[in-house]
Protein chains: 2
Amino acid sequence: MEHTPIACSHHDHNHCISDALEAARQLCLGRGVRLTDLRLQVLELIWQNHKPLGAYTLMEMLAKANTRRVAPPTVYRALDFLLEQGLIHRINVLNAFIGCPSPTTKHQSHFLICRACGIAIELNQPELSQQIIGVARDAGFAVETQSLEVSGLCANCAGNTEHSEHRHE
Amino acid sequence: MEHTPIACSHHDHNHCISDALEAARQLCLGRGVRLTDLRLQVLELIWQNHKPLGAYTLMEMLAKANTRRVAPPTVYRALDFLLEQGLIHRINVLNAFIGCPSPTTKHQSHFLICRACGIAIELNQPELSQQIIGVARDAGFAVETQSLEVSGLCANCAGNTEHSEHRHE
DNA sequence: GGCGGCTATGTTACTCTATAACCTATCATC
DNA sequence: GATGATAGGTTATAGAGTAACATAGCCGCC
């Protein structure tokens, strides 16, 4: 267990999940939107995994967790809600979703994605956002959303380069 | 016409297509890889459009162009080849493909994508690439590929803001 | 309290995107 | 012209996402 990815290392995961869920509850309360059972459960599953999760994987997990068996539209609606509220991000390159650790502050979607262990590390780099906006403005382009998805090897997996490389030739 | 997006402004489109195709031929020749009829035709269709093009749209265009009717795997294999050679880029947020104007120089995939007219403008900002690599390194992350997809309004469409906004509200 | 409207979820069916697996044709070289 | 390698054809299916319509729960209000 010593090769746990950064974002997952040295933290009480249960605590981090319950924090995220509590923050979500407060945020929805404050905004007057309804964090229903289903939406909360989807958010919880996403946080439990701590890795980008596809909509269909999520469906299976829901089916296992309860006896509740949900169809695609149900999951996608929950995901849409969570996206709108900024509680999760979508990773386009993976067609997957991951929890946002700071849903209250408006920010862009910038991720480091490890091809070996699958973890997605969210960056918090306002200067980078600004630089991108600046580059766009030079081209006369008005930015609305940014999606930066950097693929490679995380610190842990890069540490085991030989093995990783062999596993993923 | 002064608000024409960079990538499309003031250029002889036929010339720009034939240039791209000729460059592709040379590049493949130099690398000893085969730019077959099919691959060339796919690349040509992509360049003719000058906007990100989905694989299935491409299939229809192929069916119309010739009597040749191809199945999905055929198109995807051609696209995979073109991607490997750096002749096209994939726009994840659109599930679509677009020609690369500078396939010979290794570079990352950075795009401005207009939600109104659908154009995708490729950025050429090595400093931005470097900054991203730096940020990643600070997190112990070894970058392999970058995908930056910025959505918003291009100069042209932003110029018609009132109309665009109404159309897309 | 029951009516009416609103929001959330359930259900069915379908579209779009992508790949697996296997088979055939073409090319390249000896 | 046999042989191996690469490219393309074919069938079927997996994976991702949405349209359209039905139902259920919630809220306010007269």
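Convention: sequence-line order gives letters A, B, ...; per-chain numbering from 1. Only heavy atoms go into these numbers, but all of them, side chains included; no hydrogens, no water, no symmetry mates.
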Handout entry: D:dG8 OP1/OP2 closer than 4.0 Å to side-chain N/O of B:Thr74
Key = no
Handout entry: Common cluster, B:Leu53/B:Ile121, ILVMFWY with side-chain heavy-atom separation under 4.5 Å
Key = no
Quiz: residues 23-33 of chain A side-chain donor-acceptor pairs under 3.5 angstrom, not counting sequence neighbours:
unit_1	atom_1	unit_2	atom_2	d
A:Arg25	NE	A:Glu22	OE1	3.2
A:Gln26	NE2	A:Glu22	OE2	2.9
A:Arg31	NH1	A:Gln85	O	3.0
A:Arg31	NH1	A:Gln85	OE1	2.8

Practice task
Would you indicate whether the side-chain heavy atoms of B:Leu45 and B:Asn49 approach each other to under 4.5 Å?
Solution key: no
Practice task
Output the single nucleotide from C:dT17, D:dA16, C:dT11 whose closest atom is nearest the side chain of B:Tyr56.
Solution key: C:dT17
Problem - Whole-Å distance separating the CG atom of B:Asp80 from the C1' atom of C:dA20 - result: 14 Å
Problem - Sorted by number, the residues of residues 29-38 of chain B with heavy-atom contact under 4.0 Å to DNA chain D - result: B:Arg34, B:Thr36, B:Leu38
Could you tabulate the donor-acceptor pairs under 3.5 Å formed by side-chain atoms of residues 34-43 of chain B, not counting sequence neighbours?
unit_1	atom_1	unit_2	atom_2	d
B:Thr36	OG1	B:Arg39	N	3.4
B:Arg39	NH1	B:Arg34	O	2.6
B:Gln41	OE1	B:Asn66	ND2	3.1
B:Gln41	OE1	B:Arg68	NH1	3.2
B:Gln41	NE2	B:Asn66	OD1	3.1

Completion exercise
Separation of C:dT11 atom C1' from A:Met59 atom CE, nearest Å, is 12 Å
Exercise for the section: Figure out the CG/C1' separation between B:Leu62 and D:dG8, and round it to whole Å. Expected result: 13 Å
Atom pairs and distances, side-chain donor-acceptor, residues 96-110 of chain B, under 3.5 Å, sequence neighbours left out:
unit_1	atom_1	unit_2	atom_2	d
B:Thr105	OG1	B:Ser102	O	3.4
B:His107	ND1	B:Thr105	O	2.6
B:His107	NE2	B:His89	NE2	3.2
B:His107	NE2	B:Glu122	OE2	2.9
B:Gln108	OE1	B:Gln146	N	2.7
B:His110	NE2	B:Gln146	OE1	2.8

Problem - ILVMFWY cluster, B:Leu21 and B:Leu79 together (side-chain gap under 4.5 Å) - result: yes
Problem - Check: B:Tyr56 and B:Pro72 side chains under 4.5 Å, non-hydrogen atoms - result: yes
Handout entry: Minimum-distance nucleotide to B:Tyr76 side chain [options: D:dC21, C:dT19, D:dA16]
Key = C:dT19
Write down the protein N/O and nucleotide N/O pairs, taken from nucleotides 12-15 of chain C, whose separation is under 3.5 Å; answer none if there are no such pairs.
none

Exercise for the section: Measure the distance from CZ on B:Arg77 to P on C:dC22 and round it to the nearest whole Å. Expected result: 14 Å
Problem - B:Asn92 CG - C:dT17 P separation (whole Å) - result: 14 Å
Completion exercise
From CG of B:Asn95 across to C1' of D:dA16 the rounded distance in Å is 9 Å
Exercise for the section: Identify, with sequence neighbours excluded, every residue that meets side chain to side chain contact (heavy atoms under 4.5 Å, CB included) alongside B:Val135. Expected result: A:Leu123, A:Gln125
Handout entry: Interatomic distance, A:Phe81 CZ vs C:dT9 C1' [rounded to whole Å]
Key = 14 Å
Exercise for the section: Whole angstrom is fine here: how far is it from CG in B:Leu79 over to P in D:dA7? Expected result: 15 Å
Exercise for the section: Answer yes if A:Leu83 and A:Val70 sit in the same cluster of Ile, Leu, Val, Met, Phe, Trp and Tyr residues linked by side chain heavy atoms under 4.5 Å apart, and no otherwise. Expected result: yes
Exercise for the section: For A:Arg39, answer base if it contacts any base atom (sugar-phosphate contacts may also be present), sugar-phosphate if it contacts only those atoms, and nothing otherwise; contact means non-hydrogen atoms under 4.0 Å. Expected result: sugar-phosphate
